[in-house]
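The residues of the chain are indexed from 1 along the displayed sequence. Quantities reported herein were computed from a predicted structural model and do not represent experimental measurements.
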Amino acid sequence: MKQGRRREVGGSSEEGTFFEASRDEEEEGQISRNIKIRKKGSKVRQARGPEDSVWYDDDGLMKMKIKVSAKTEGRLTALAIAAGNISLKLSHISAIAFILLNNKAAMSTSTFESTSSEIPLRIVVSFANDPAASLGASLTNYDWGGDHEIFVPSYAAISELVEGDTVARKCGVSPGDYIVAVNDLEFRRFPARYDEKDVTTQCEGASISNYPTQTSNKSTTYKFKRGEGYAATFGEIQQIKSKKDPENPLILTLERYGWNSRGNAWHRYLAARDGHVGFAIKMMEENESWRKQIFPIDLKREGLQKIIKSKAISEIDLNHDNLPPTVYVNFSKLQALEEGISSNDVVDALIIFTEMLISRSTDPTNPKTCQLIDLSKTQIWSVDASSYLREIYAVFEPNYPETLEKMIMYPVSSSVRRTCSVMLSFVNSKTRNKLIITDDLDLVCKELGWNKEKVEACGGVTAFMHQHEKNSDLSCSKD
């Protein structure tokens, strides 16, 4: 593999924004902490952490908790808990680096960017400290020759992490990471589709820099027949590990892609088009064009800000017992704002909250959300509701395939449900199977994993939602 550019300890984004954490010992017992925030073409901004943000663990390792928040153009809000000595261990700030790569809304007060990228985070896992150690993860075989593997970048990926203080956990490995190289051999299905200078590399105990792993001429990226790629990847790992040679330890190079990257999203497009490869490729290419047109979304728009500040559309901050997170739509609030908002504002607000929730999924290959449409205090199922849903469907069906776990519309009486069914005839059968139109609170609580007694104690669904609405930090003022 090519060598990357040397970077300071920290995280980076496609736009070049990054933060650096350092410590300087001025006097015995006195430590200064600095975070630098920089964007290409801008001045360096620094913020010093408070004294109580530094402490030491039982092993004498310094730990820092630093929060930086500046409402300026190119604003970055980051909460980092980092462990290590003067060179911070990247395994402890890998999550922050990936947030920078995939949640760029936090980098600007005026625009919202897509939360997925085709540029990966590279993770280098070295067994130099313990050549005989186990990775501590199970693998997924992506070498069955199926259509769902066409855009998967390699033949093996991390499936699950085992419990304990494993190499994988120390190095910040996550489910969905693709193994693209074993020591000096690459195992890619096709050549990398990114510019090397844009890639951030993370490795345990070292700064983000050009890690000394170069592929030799023995790379056989294009020569594998069905089943041979995974076998060759796994075989090379076993061969190196069996030698337990401290002079030639096992080094795995993995790549972590965003939830809507081709490798992670392709199988969802294929499923949405019933396995038809040609239709699925067309759908994926149209989505890529749509994203170029829709992003970045201007957060300063008056109508969009009204929706955000009123929490007519919001994120629900609740533990879901392994159920997907919920985007909440208070339709009565939308109706109250009707004079000052457009359907585009409503659709864009849903896009923003959906993108944020999906980007936090622990499985980038299968991100899901739920939607709750609260129709309380609305007298009847209106033409407005049908119109909004038609426009939302026209955007979400082709651009967020297989990401909706369920949509619940509540409360809707049995007599009105028949009207709903007629007015939602434009929805395809797959999506219709995910719709739950009901006035049964028991059913709503069961589907969303809520405690019915707590909902009733709050005074109903609307009050319960209000109690658990999460502050989005998307509010901004007009220039």
Side-chain angles (χ1 to χ4, degrees), residues 112 297 299 301 303-318 320 323-358 368-397 399-400 403-412 416-417 420 423-424 426-427 431-432 434-441 443-445 447-450 455 458 460-472 474-475:
F112 181 91
I297 296 174
L299 290 174
R301 282 173 16 213
L304 188 54
Q305 280 298 305
K306 284 184 176 182
I307 293 173
I308 291 170
K309 290 177 180 178
S310 69
K311 295 185 178 178
I313 298 177
S314 60
E315 170 189 349
I316 300 305
D317 188 13
L318 273 172
H320 285 76
L323 291 172
T326 300
V327 178
Y328 174 60
V329 180
N330 187 319
F331 195 75
S332 65
K333 285 187 177 181
L334 285 180
Q335 286 182 319
L337 296 171
E338 194 169 4
E339 294 298 321
I341 64 173
S342 68
S343 57
N344 284 339
D345 294 325
V346 174
V347 172
D348 284 353
L350 274 173
I351 288 173
I352 289 169
F353 283 102
T354 298
E355 288 264 336
M356 290 195 302
L357 293 185
I358 285 178
K368 296 285 186 180
T369 64
C370 298
Q371 294 180 4
L372 173 62
I373 314 297
D374 186 356
L375 295 169
S376 303
K377 300 180 181 178
T378 55
Q379 295 181 350
I380 59 171
W381 175 263
S382 67
V383 176
D384 291 338
S386 178
S387 177
Y388 278 136
L389 288 173
R390 184 182 291 273
E391 294 194 42
I392 291 167
Y393 177 78
V395 169
F396 276 73
E397 192 279 331
N399 295 302
Y400 295 90
T403 61
L404 179 65
E405 178 74 11
K406 63 194 71 172
M407 175 191 283
I408 298 176
M409 302 173 68
Y410 172 88
V412 181
V416 176
R417 283 201 289 272
C420 291
M423 297 183 76
L424 294 175
F426 57 85
V427 177
T431 305
R432 287 178 70 88
K434 300 174 183 178
L435 296 181
I436 300 172
I437 305 173
T438 184
D439 57 357
D440 185 349
L441 181 58
L443 179 60
V444 173
C445 292
E447 294 292 336
L448 295 177
W450 298 343
V455 174
C458 281
V461 167
T462 304
F464 186 68
M465 292 294 91
H466 180 67
Q467 185 180 77
H468 293 282
E469 289 167 335
K470 186 173 181 178
N471 292 326
S472 64
L474 292 168
S475 299

Requested in this report: Calculate, to the nearest 0.5 Å, the distance between atoms CG and OG belonging to L375 and S332 respectively.
Outcome: 9.0 Å

Query raised in the report: Can you tell me how far the CD atom of Q467 sits from the CD1 atom of I316, to the nearest 0.5 Å?
Result: 10.5 Å

Report task. Measure the shortest side-chain to side-chain distance between Y328 and H468 over non-hydrogen atoms and say whether it is less than 4.5 angstrom. Result -> no

Query raised in the report: side-chain contact (heavy atoms from CB on, under 4.5 Å) between M465 and L372: does it pass, once the steps are laid out?
Result: CA-CA 10 Å; M465 292 294 91; L372 173 62; 3.8 Å; yes

**Report entry** Nearest-0.5 Å distance that lies between atom CG in L337 and atom CD in Q335
**Finding:** 10.5 Å

Query raised in the report: Any side-chain heavy atom of M409 sitting closer than 4.5 Å to one from F331?
Result: no

Report summary line: In terms of heavy-atom contacts, A312 and L334 come closest through CB-CD2, 3.7 Å

Query raised in the report: Can you find a pair of side-chain heavy atoms, one from T431 and one from F396, that are under 4.5 Å apart?
Result: no

Query - Gap between atom NE2 of H466 and atom NZ of K311 - 0.5 Å precision - result: 7.0 Å

Query raised in the report: Given L323 and E405, is the side-chain contact (heavy atoms from CB on, under 4.5 Å) satisfied, shown in steps?
Result: CA-CA 9 Å; L323 291 172; E405 178 74 11; 5.6 Å; no

Query raised in the report: To the nearest 0.5 Å, what is the distance between CD1 (I341) and NZ (K306)?
Result: 8.5 Å

Query raised in the report: Taking only residues two or more places apart in sequence or in another chain, which ones pass side-chain hydrogen bond (donor to acceptor under 3.5 Å, both in side chains) with D345?
Result: R301, S342

Query raised in the report: Could you go step by step and tell me if L448 and L318 meet the side-chain contact (heavy atoms from CB on, under 4.5 Å) rule?
Result: CA-CA 10 Å; L448 295 177; L318 273 172; over 6 Å; no

Query raised in the report: Got a sec, which residues hit side-chain hydrogen bond (donor to acceptor under 3.5 Å, both in side chains) with S310, two or more places apart in sequence or on another chain?
Result: none

Query raised in the report: Does T403 have any side-chain hydrogen bond (donor to acceptor under 3.5 Å, both in side chains) partners at least two apart in sequence or in another chain, and if so, which?
Result: none

Report summary line: Result for side chain to side chain contact (heavy atoms under 4.5 Å, CB included) between I307 and one of V329, D348, V346 points to V346

Query raised in the report: Would T326 and I408 count as a side-chain contact (heavy atoms from CB on, under 4.5 Å) if you check the C-alpha gap in whole Å, the side-chain angles of each, and the deciding distance to 0.1 Å?
Result: CA-CA 10 Å; T326 300; I408 298 176; over 6 Å; no

Report summary line: Taken in chain and number order and not counting sequence neighbours, the residues that satisfy ring pair (Phe, Tyr, Trp, His ring centres under 6.0 Å) with Y410 are none

Requested in this report: Return the minimal non-hydrogen interatomic distance between C458 and A463, and the atom names on each side.
Outcome: O-CB, 3.1 Å

Requested in this report: Evaluate the side-chain proximity of F353 to L474: yes if any heavy-atom separation is below 4.5 Å, no if none is.
Outcome: yes

Query raised in the report: Do NZ/NE/NH1/NH2 and the carboxylate oxygens of D439 and R417 come within less than 4.0 Å?
Result: yes

Query raised in the report: Are the side chains of L424 and I437 in touch, meaning some heavy atoms are under 4.5 Å apart?
Result: yes

**Report entry** Gap separating the NZ atom of K309 from the CG atom of L304, nearest 0.5 angstrom
**Finding:** 10.5 Å

Requested in this report: Find out whether P411 and D374 are in side-chain contact, i.e. whether some heavy atom of one side chain is under 4.5 Å from a heavy atom of the other.
Outcome: yes

Query raised in the report: Between I351 and N399, is any pair of side-chain heavy atoms under 4.5 Å apart?
Result: no

Report task. Would you list the pairs meeting salt bridge (charged side-chain N to carboxylate O under 4.0 Å, His left out) in which at least one residue belongs to residues 463-472, sequence neighbours left out? Result -> E315-K470

Report task. Looking only at non-hydrogen atoms, find the nearest pair between D440 and T438 and report the distance. Result -> N-OG1, 2.9 Å

Query - Partners passing side-chain hydrogen bond (donor to acceptor under 3.5 Å, both in side chains) against K406 (at least two apart in sequence or in another chain) - result: E447

Query - Close side-chain approach of V455 to V444, heavy-atom, < 4.5 Å - result: no

